[in-house]
Amino acid sequence: FGIFNEVDHVHSPHTPEEIFRAVAGFAAGVKSVDRDAIVLSPSIGGTPMDVDRADKFLLSLSPLFKRGLLDGLNLHSYHDYKPNKPHYSAIDDDATWSPTRNFLRAKRIAKLGSKTRLAAGEFNYRNWMGSDTEQAAGFMTAMWDQLMVTASESLPSPRVQLFSVPYNIPDARPGRQTTMAARFDWQPGGDYEFEPNAKGLILQEQVRLTKGMRFVRVDSHRSATAVLKGRGRTAWVWHNREAFSSLANKEVKLVGLPAETRRLRVVTAANTLAKKSNVMPIEPVDGSVRIPSELLPDNETVLIMVDAMDSSDDEAIEILNPANQDLIK
């Protein structure tokens with residue numbers, strides 16, 4: 001449950017005190033009916049236009065978390081180079097305002113505990129001046145960074161994400177930088193046709209490839225990697241961006257692979273838009289295989305998948321930095 005949209009927006013007329021009173025009444029009403037209901041904060045610009053203003057709303061809502069009336073932060077995240085009206089969120093330059101870092105920053109400002117959850121009623125990567133491929137690559141980073149938010153920087157640290165919704169999937173206006181659709185038709189009976197644009201194709205394909213898989217390890221703040229398993233497969237997500245990841249070399253080595261692994265797939269924004277994937281036959285040597293550097297684009301997020309899965313949930317499958325043999329755990 002939640003109430004109010006982007007209360008910290010520069011055009012919002014309400015004060016932090018007014019929002020506090022309204023949210024307190026709303027949350028108390030919900031909890032009086034169902035004490036176990038999850039109540040989210042009003043949405044706040046997770047990548048704000050006015051940082052000081054956003055912080056005032058975070059501080060004003062802090063007592064409601066301490067009283068058990070609010071359970072999660074709703075932070076909107078937009079990553080773009082909007083001309084003359086920048087958010088603090090250009091993830092192509094640095095990761096300061098990426099969801100993994102900004103969630104912890106927001107918790108520090110509001111003095112919130114480790115059990116606070118995260119939601120994003122809106123997120124997107126816009127890049128008003130970029131090509132389709134650049135927008136798709138940026139969205140792929142933004143999407144997985146949303147899914148990889150953890151409770152702290154320490155390891156291991158549990159994921160805290162409740163849900164994140166890209167804005168705006170059905171909007172097909174060609175000049176709208178948040179749209180995910182080239183065409184969207186909906187009928188009152190519930191039938192619809194969705195033709196994705198570049199970012200929509202990334203969303204569609206990443207969901208298709210990882211459906212039924214679960215996170216077994218996430219390191220958001222060092223290697224910027226995650227491991228997923230399920231449906232007889234293992235997948236790695238890697239933010240191959242210098243500001244995100246401590247893995248300086250783009251040539252990586254997967255270790256701990258099951259002996260029966262025979263194929264490896266590298267999914268990037270470019271090959272998704274081209275509707276093909278880089279699949280290479282492999283036979284692991286001592287449970288490991290190197291991925292050729294030409295398959296790994298610079299300054300992008302990649303999804304790496306193998307058609308096998310070990311039986312444990314430990315951290316046996318890792319990404320190795322061959323430059324210094326530093327196993328990221």
Side-chain angles (χ1 to χ4, degrees), residues 46-47 75-82 86-105 118 120 122-150 159 161 163-167 169 177-180 196-210 215 218-228 235-248 250 252 266-273 277-278 291 295-305 319 328:
T47 46
L75 300 178
H76 288 185
S77 295
Y78 284 97
H79 309 287
D80 61 73
Y81 290 101
K82 187 175 182 180
H87 290 70
Y88 296 85
S89 54
I91 57 174
D92 292 322
D93 293 335
D94 64 61
T96 303
W97 291 96
S98 74
T100 54
R101 287 156 176 79
N102 188 56
F103 173 71
L104 299 188
R105 177 195 174 278
L118 170 71
E122 299 178 21
F123 82 92
N124 209 311
Y125 175 90
R126 292 186 283 201
N127 190 349
W128 293 67
M129 297 171 284
S131 66
D132 284 353
T133 301
E134 289 169 331
Q135 291 192 16
F139 179 79
M140 192 163 165
T141 294
M143 171 186 149
W144 282 107
D145 207 44
Q146 285 282 340
L147 299 173
M148 289 166 57
V149 175
T150 55
R159 291 175 62 247
Q161 195 240 26
F163 66 87
S164 289
V165 181
Y167 182 88
I169 294 174
Q177 289 296 315
T178 53
T179 183
M180 310 289 287
N197 63 7
K199 291 186 295 185
L201 191 60
I202 291 293
L203 174 66
Q204 191 178 59
E205 185 68 357
Q206 296 287 300
V207 169
R208 184 186 72 82
L209 288 171
T210 58
F215 286 91
V218 176
D219 175 14
S220 304
H221 296 275
R222 292 172 182 79
S223 63
T225 61
V227 179
L228 298 91
W236 296 260
V237 178
W238 176 31
H239 295 312
N240 186 18
R241 293 175 176 262
E242 189 171 342
F244 282 70
S245 178
S246 60
L247 295 172
K250 68 176 185 179
V252 296
V266 178
V267 183
T268 66
N271 61 37
T272 298
L273 298 191
S277 59
N278 292 320
I291 302 178
L295 297 183
L296 301 171
D298 290 324
N299 206 36
E300 288 186 22
T301 297
V302 295
L303 178 70
I304 305 165
M305 304 191 75
I319 292 182
I328 304 298

- Query: What distance do Ile304 atom CD1 and Leu228 atom CG have between them, rounded to the nearest 0.5 Å?
  - Reply: 12.0 Å

- Name the orientation class of the two ring planes belonging to Phe123 and Phe139 (parallel below 30°, tilted from 30 to 60°, perpendicular beyond 60°). parallel

- Query: Side chains of Trp236 and Thr225: do they bring a donor and an acceptor to under 3.5 Å?
  - Reply: no

- Task: For residues Leu303 and Ala235, report the shortest heavy-atom separation together with the two atoms involved.
- Result: CD1-CB, 4.1 Å

- State, to 0.1 Å, how close Ile202 and Ala136 come at their nearest heavy-atom pair, and which atoms those are. CG1-CB, 3.6 Å

- Task: Report yes if some heavy atom in the side chain of Arg241 is under 4.5 Å from a heavy atom in the side chain of Asp92; otherwise report no.
- Result: yes

- Separation between CG (Asn102) and OG1 (Thr96), nearest 0.5 Å, reads 10.0 Å

- Note on the structure: Distance col, row Leu295:CG vs Asn278:CG, nearest 0.5 angstrom, shows 5.0 Å

- How about Asn299 and Glu242: do any of their side-chain heavy atoms sit closer than 4.5 Å? no

- Which atom names give the shortest non-hydrogen contact between Ala243 and Arg101, and what distance separates them? O-NH2, 4.0 Å

- Message: I'd like to know if the side chain of Thr133 pairs up with that of Ser131 as donor and acceptor (distance under 3.5 Å, no hydrogens or angles considered).
- Response: no

- Query: Can you find a pair of side-chain heavy atoms, one from Thr301 and one from Met143, that are under 4.5 Å apart?
  - Reply: no

- Query: For Phe103, which residues count as a ring pair (Phe, Tyr, Trp, His ring centres under 6.0 Å) partner, sequence neighbours excluded?
  - Reply: none

- Message: Nearest 0.5 Å, please: how far is CG in Asp219 from OG in Ser246?
- Response: 7.0 Å

- Minimum heavy-atom distance between Val165 and Phe163, given as atom pair plus value: CG2-CD1, 3.8 Å

- Query: For Asn124, which of Gln177, Lys199, His79, His76 qualifies under side-chain hydrogen bond (donor to acceptor under 3.5 Å, both in side chains)?
  - Reply: Lys199

- For the atom pair CD (Gln204) and CG (Asn197), what is the distance rounded to the nearest 0.5 Å? 10.5 Å

- Note on the structure: All heavy atoms of Ala224 vs all of Met148, minimum pair found to be C-CE, 3.9 Å

- Do Pro297 and Val302 come within less than 4.5 Å of each other through their side chains, counting heavy atoms only? yes

- Item | Contact summary for Leu247 and Trp238, nearest pair of heavy atoms | CD1-NE1, 3.5 Å

- How long is the gap from CG on Leu203 to CE on Met140, to the nearest 0.5 Å? 11.5 Å

- Message: What I'd like to find out is whether the side chain of Val267 reaches to under 4.5 Å of the side chain of Thr272, using heavy atoms alone.
- Response: yes

- Message: For Phe244, run the side chain to side chain contact (heavy atoms under 4.5 Å, CB included) check against Arg222, His239, His221 and tell me which one passes.
- Response: His239

